[in-house]
Amino acid sequence: YANELLDTFGLDRQKKVKNLSKGMRAQACLIAAVAHCPDLLLLDEPSTGLDAVVRRDILNAIIRAVADDGRTAIFSSHLLDEVELMSDHVFMINQGKLVLQGSLDTIKEEHQRFSVRLAGDELPPIEGILSAERQGADWSIVCNGASQQIRESLLSHGAEIIKSRNATLQEIFVARVGRDRLVSNEE
């Protein structure tokens, strides 16, 4: 398996690690971590600081290493698009405290992002809204819970719903732990 990864990454078997670029060193470290096919793989920021091609190769190698043999990988990352790509179960931690956990699919199904237009200056208090950002008459709202009830509440307050979709992990994390949970970007 190590030889297969060396070929995939195009690493020179004769080069010393100290003579490899940062991306090549990261690939060599990954090979060392997965070559013996561990049942549990722990990775901390496996692709931080790497270019897009190397990052993709490393993530694909991790996915193959885990999926092919049904093994488990636990990794931490601040790159939430990477977490979304790699994970089936997510734990969000902020300042050492568990903020949210669950299956990726469930978390995304439970969080909606609405783009709405309101005639007034104030967003009405609606249960389930985690964060809202205003730009002119439009608001970007991330909510948790019964999206149909939130939709009905918005409509009953005269909101025009421009768009709605499942929120991304990035949007969910920012909504749950952001410094300013309700923001108006009026200048």
Side-chain angles (χ1 to χ4, degrees), residues 40-52 55-56 58-60 62-63 66-67 70-187:
L40 176 63
L41 187 60
L42 299 172
L43 301 165
D44 184 22
E45 304 279 354
S47 65
T48 298
L50 303 177
D51 70 50
R55 181 176 164 215
R56 183 201 65 214
I58 283 181
L59 297 179
N60 286 340
I62 295 168
I63 291 169
V66 171
R71 291 179 271 145
T72 300
I74 297 174
F75 78 99
S76 67
S77 180
H78 289 91
L79 304 172
L80 296 180
D81 60 326
E82 184 176 286
V83 173
E84 224 166 328
L85 172 69
M86 302 273 303
S87 304
D88 53 9
H89 200 87
V90 176
F91 295 85
M92 286 187 181
I93 298 172
N94 183 46
Q95 297 181 348
K97 294 189 174 154
L98 185 62
V99 176
L100 182 67
Q101 72 167 322
S103 80
L104 177 63
D105 292 339
T106 301
I107 288 172
K108 290 187 74 177
E109 287 168 9
E110 291 175 349
H111 292 82
Q112 255 334 90
R113 182 184 178 280
F114 290 100
S115 295
V116 301
R117 182 163 294 138
L118 289 168
D121 290 339
E122 296 291 320
L123 180 68
I126 297 174
E127 186 175 340
I129 292 180
L130 297 174
S131 70
E133 185 175 346
R134 179 179 177 196
Q135 303 227 329
D138 294 346
W139 289 82
S140 174
I141 298 169
V142 176
C143 60
N144 177 35
S147 63
Q148 188 57 36
Q149 290 172 337
I150 293 168
R151 176 185 296 276
E152 289 170 8
S153 291
L154 286 166
L155 292 172
S156 74
H157 285 90
E160 174 190 352
I161 297 174
I162 300 165
K163 184 178 179 182
S164 70
R165 61 170 170 74
N166 287 346
T168 65
L169 277 184
Q170 177 93 16
E171 291 165 337
I172 295 166
F173 185 77
V174 170
R176 288 189 166 271
V177 305
R179 288 181 200 91
D180 300 320
R181 306 245 326 247
L182 296 175
V183 177
S184 177
N185 286 332
E186 291 292 296
E187 305 227 2

### Message
Could you walk me through whether E171 and R165 satisfy the salt bridge (charged side-chain N to carboxylate O under 4.0 Å, His left out) test, starting with their C-alpha distance in whole Å, then the side-chain angles of each, then the deciding distance to 0.1 Å, before giving a yes or no?
### Response
CA-CA 12 Å; E171 291 165 337; R165 61 170 170 74; 2.7 Å; yes
### Message
Under the criterion side chain to side chain contact (heavy atoms under 4.5 Å, CB included), I'd like the reasoning laid out for L41 against R71: C-alpha separation, chi angles, the key distance, then a yes or no.
### Response
CA-CA 8 Å; L41 187 60; R71 291 179 271 145; over 6 Å; no
#### Entry: side chain to side chain contact (heavy atoms under 4.5 Å, CB included) between I107 and I172, intermediate numbers included
CA-CA 9 Å; I107 288 172; I172 295 166; 3.8 Å; yes
#### Entry: Worked verdict on L98 versus M92 for side chain to side chain contact (heavy atoms under 4.5 Å, CB included)
CA-CA 6 Å; L98 185 62; M92 286 187 181; 5.9 Å; no
#### Entry: Working for side chain to side chain contact (heavy atoms under 4.5 Å, CB included), residues I93 and V99
CA-CA 5 Å; I93 298 172; V99 176; over 6 Å; no
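Under the rule for a side-chain contact (heavy atoms from CB on, under 4.5 Å), the partners of L104 that lie at least two apart in sequence or sit in another chain are E84, V90, K108, L169. Residues satisfying the side-chain contact (heavy atoms from CB on, under 4.5 Å) criterion with E122, sequence neighbours excluded, are absent altogether. Among residues two or more places apart in sequence or in another chain, the salt bridge (charged side-chain N to carboxylate O under 4.0 Å, His left out) test is passed with D81 by R55. Contacts of D44 classified as side chain to side chain donor-acceptor pair (under 3.5 Å), with partners at least two apart in sequence or in another chain: S76. Contacts of R56 classified as side chain to side chain donor-acceptor pair (under 3.5 Å), with partners at least two apart in sequence or in another chain: none. Not counting sequence neighbours, T72 has no partner by the side chain to side chain donor-acceptor pair (under 3.5 Å) test. With sequence neighbours left out, the side-chain contact (heavy atoms from CB on, under 4.5 Å) criterion links N166 to Q112. Partners of S140 by side chain to side chain donor-acceptor pair (under 3.5 Å), not counting sequence neighbours, listed by chain and number: R113. Annotation: ring pair (Phe, Tyr, Trp, His ring centres under 6.0 Å) contacts of H157 (sequence neighbours excluded): none. For Q170, the side-chain contact (heavy atoms from CB on, under 4.5 Å) partners two or more places apart in sequence, or in a different chain, are L80, T168, V174.
Residues V116 and D138 are not in side-chain contact: their nearest non-hydrogen atoms beyond the backbone lie 4.5 Å or more apart. Residues M86 and L59 are in side-chain contact: their nearest non-hydrogen atoms beyond the backbone lie under 4.5 Å apart. Counting heavy atoms from C-beta on, the side chains of Q149 and E127 never come closer than 4.5 Å.
Of all heavy-atom pairs between F114 and I161, the closest is CD2-CG2, 4.0 Å. When every heavy atom of V83 is checked against every heavy atom of F75, the shortest pair comes out as CA-CZ, 4.0 Å. Of all the heavy atoms in G158 and L118, the pair that sits closest is C-CD2, 4.5 Å. When all heavy atoms are compared, the tightest approach of I150 to N144 is CD1-O, 3.9 Å.
In this structure, CD1 on I141 lies 11.0 Å from OG on S164, to the nearest 0.5 angstrom. To the nearest 0.5 Å, atom CZ of residue F173 and atom CG of residue L130 are 13.0 Å apart.
Within the structure, side chain to side chain donor-acceptor pair (under 3.5 Å) pairs that include any residue of residues 92-105 comprise S103-T106 (at least two apart or interchain). Under the ring-ring contact (aromatic ring centres under 6.0 Å, His included) criterion, the residue pairs touching residues 80-110 are H89-F91, with sequence neighbours excluded.
Without hydrogens or angle criteria, R134 side chain to G136 main chain gives a donor-acceptor distance under 3.5 Å.
There is a side-chain donor-acceptor pair under 3.5 Å between E45 and H78.
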